[in-house]
Amino acid sequence: MGTVRLRGFGWRHAGRRAWAVRGVDLDVERGERVLLLGASGAGKSTLLAALAGLLPTDSGEQEGTVEIDGVDPRKDRERVGIVFQDPQTQLVMARCGDDVAFGLENRGVPAGEIWPRVDAALRRVGFPYHRDRPTAALSGGEQQRLALAGALALHPGLLLLDEPTANLDPVGAELVRDAVALAVDADTTLVLVEHRVAEALRLVDRVVVLAPGGGVRADGPPGEVFAAHGDELAAEGVWVPGHPVAPRRARTPVGDRLLTADRLGLPPRLATTELTVRAGEALAVLGPNGAGKSTLALLLGGLLRPGTGRLTATAELAGADAATAPHRWRAPALAGRIGSVFQDPEHQFVTGTVSEELALGPRRTGQPEHAVRTTVDGLLHRLRLTRLAGANPYTLSGGEARRLSVATALATAPRLLVCDEPTFGQDRRTWLELVDLFADLRDAGHGVVTVTHDADFVAALADRTLVLERADARR
């Protein structure tokens, strides 16, 4: 089992004018390992959702057909295992072992087989905790590893992976790739969406590239595809090995301090941390999953109250609130001074359209309507979101949602920008746009703090790095 057939396949989400994907003719034979590439918004995640049977007819319009072993996947979802871009959408139980066991129980696996399969799947993905670990205590990368374990435990004939290493540290990402390599046997079909192309090539024997306007742009062995179309694909936004990115070094000297963290921490999520954030500097925060990087980002953004130590803003950043910590500032003042981009972009969307989402911050800070519209139009254009201005933010692709979340933080022109994994899900072209945008912000005297596992992004932008360790590694 695991043979894929698509004929003229297309899908348009309800309420959207543009098709998410269209005109796809594709055959994948049992046991093939396919890397699915394409520019952001080309429809990669939508195609995977279709293969998993997760596009109900009442949620949009379909063209053509999609079949797994001759059957519409909506009629027999048990053939397929899938790991989404956002692992939180798959975690349903309070304990990690129960979450992996959930799918096995639903499929009627004998009780005596469930826990051995759960433990084996957790070992394969390098999961660092016992099965009793609360799912709420996991970092984003740990959640992603747990979701993969849940898919592998089902022993699916077709395994679909939508950027399974996107939020993982380098060690964790390699563990997941090793787990995939071991788990996919000769009879298991694999379709993988991944922006870390060079690292993923050892897992696949075929590359399929979706064209931005619909259909398949290129198809064949990786070496042949990249040799024949590498330059064109890179220009279109595909991450092609051997096409390095030039760094964007600072054009102006580092400015004054904006924030100082003195023994800042939030046990047990973040151990004691010391740092200084300066104007005109891009600081990259690195470290393994579970080290507290996202917690630090929330503390720096004034969105969490410190558990230990102090976070002090200078008068340049705080203005009239210089005597108080950022978490005590009123919301309009905070939004105008510190912009935050969360690890999960959908956690910060509150309106019904992309355009209104971008306008919300400037309006809350009291900008006149003509200035609001100028800001919105400029960000839509720069981050390639103009065609999506009227779309619901929750219907965007992962890469589009990430760009919108960055744009909403930039809309108030904050003195300090704090971003958690800002390049997640980006194609090469939009990745370069984000690097240029952050570099311009830094060179204009703003502070930029990024939590990231993206080594290329660090090399291209960062002026300084801070490496966090896991709290349990410091004992």
Side-chain angles (χ1 to χ4, degrees), residues 1-14 19-36 43-87 89-93 98-111 113-114 117-118 120-121 124 146-164 179-180 183-193 204 206 208 210 216:
M1 60 184 296
T3 301
V4 174
R5 297 280 185 273
L6 295 102
R7 293 291 180 269
F9 173 73
W11 180 266
R12 178 165 57 188
H13 294 286
W19 290 80
V21 63
R22 198 172 198 185
V24 175
D25 293 307
L26 181 65
D27 292 341
V28 181
E29 300 302 327
R30 186 178 68 177
E32 280 196 287
R33 304 181 181 190
V34 176
L35 178 61
L36 185 64
K44 303 182 294 297
S45 295
T46 301
L47 194 149
L48 289 194
L51 293 176
L54 299 177
L55 295 178
T57 55
D58 59 355
S59 68
E61 177 184 354
Q62 179 173 320
E63 285 184 338
T65 60
V66 52
E67 295 179 345
I68 311 296
D69 297 325
V71 178
D72 186 326
R74 287 174 291 206
K75 299 178 180 179
D76 189 3
R77 295 179 182 174
E78 294 189 1
R79 299 170 182 269
V80 183
I82 184 169
V83 177
F84 300 118
Q85 286 178 334
D86 178 6
T89 61
Q90 291 182 255
L91 304 186
V92 296
M93 304 297 287
D98 293 340
D99 202 88
V100 178
F102 181 76
L104 298 172
E105 292 170 344
N106 280 345
R107 296 191 181 184
V109 174
E113 297 180 19
I114 289 178
R117 285 173 66 169
V118 168
R124 285 180 181 177
L146 181 64
L148 177 61
L152 294 178
L154 299 173
H155 299 166
L158 172 62
L159 180 61
L160 308 173
L161 303 178
D162 195 349
E163 298 198 60
V180 173
V184 181
D185 57 31
D187 292 327
T188 302
T189 306
L190 172 69
V191 180
L192 168 68
V193 172
V204 302
R206 178 181 172 192
V208 174
L210 297 183
V216 174

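Leu210 and Gly43 get closest at one heavy-atom pair: CD1-C, 3.9 Å. Between Pro73 and Ala50, the closest heavy-atom pair is CG-O, 3.2 Å. When all heavy atoms are compared, the tightest approach of Pro156 to Gly81 is CB-N, 3.4 Å.
Remark: Asp25 engages no residue in a side chain to side chain donor-acceptor pair (under 3.5 Å) (not counting sequence neighbours). Remark: Glu29 engages Arg5 in a side chain to side chain donor-acceptor pair (under 3.5 Å) (not counting sequence neighbours). Taking the side chain to side chain contact (heavy atoms under 4.5 Å, CB included) definition, one finds that Gln62 meets it with Phe9, Trp11, Val66, Arg74, sequence neighbours left out. For Glu63, the salt bridge (charged side-chain N to carboxylate O under 4.0 Å, His left out) partners at least two apart in sequence or on another chain are Arg22. Partners of Glu32 by side chain to side chain donor-acceptor pair (under 3.5 Å), not counting sequence neighbours, listed by chain and number: Arg206. Judged as a salt bridge (charged side-chain N to carboxylate O under 4.0 Å, His left out), and not counting sequence neighbours, the contacts of Arg117 are Glu113. In this view, Leu54 and Ala49, Ala52, Arg77, Ile82, Phe84 satisfy the side chain to side chain contact (heavy atoms under 4.5 Å, CB included) rule, not counting sequence neighbours.
Counting heavy atoms from C-beta outward, Thr3 and Thr189 have side chains that stay 4.5 Å or more apart.
Going from atom CG of Leu159 over to atom CG of Leu51 covers 12.0 Å, rounded to the nearest 0.5 Å. Between the CG atom in Leu55 and the OG1 atom in Thr46 there is a gap of 7.0 Å [rounded to 0.5 Å].
Identified under the side-chain hydrogen bond (donor to acceptor under 3.5 Å, both in side chains) test for residues 99-110, with sequence neighbours left out: none.
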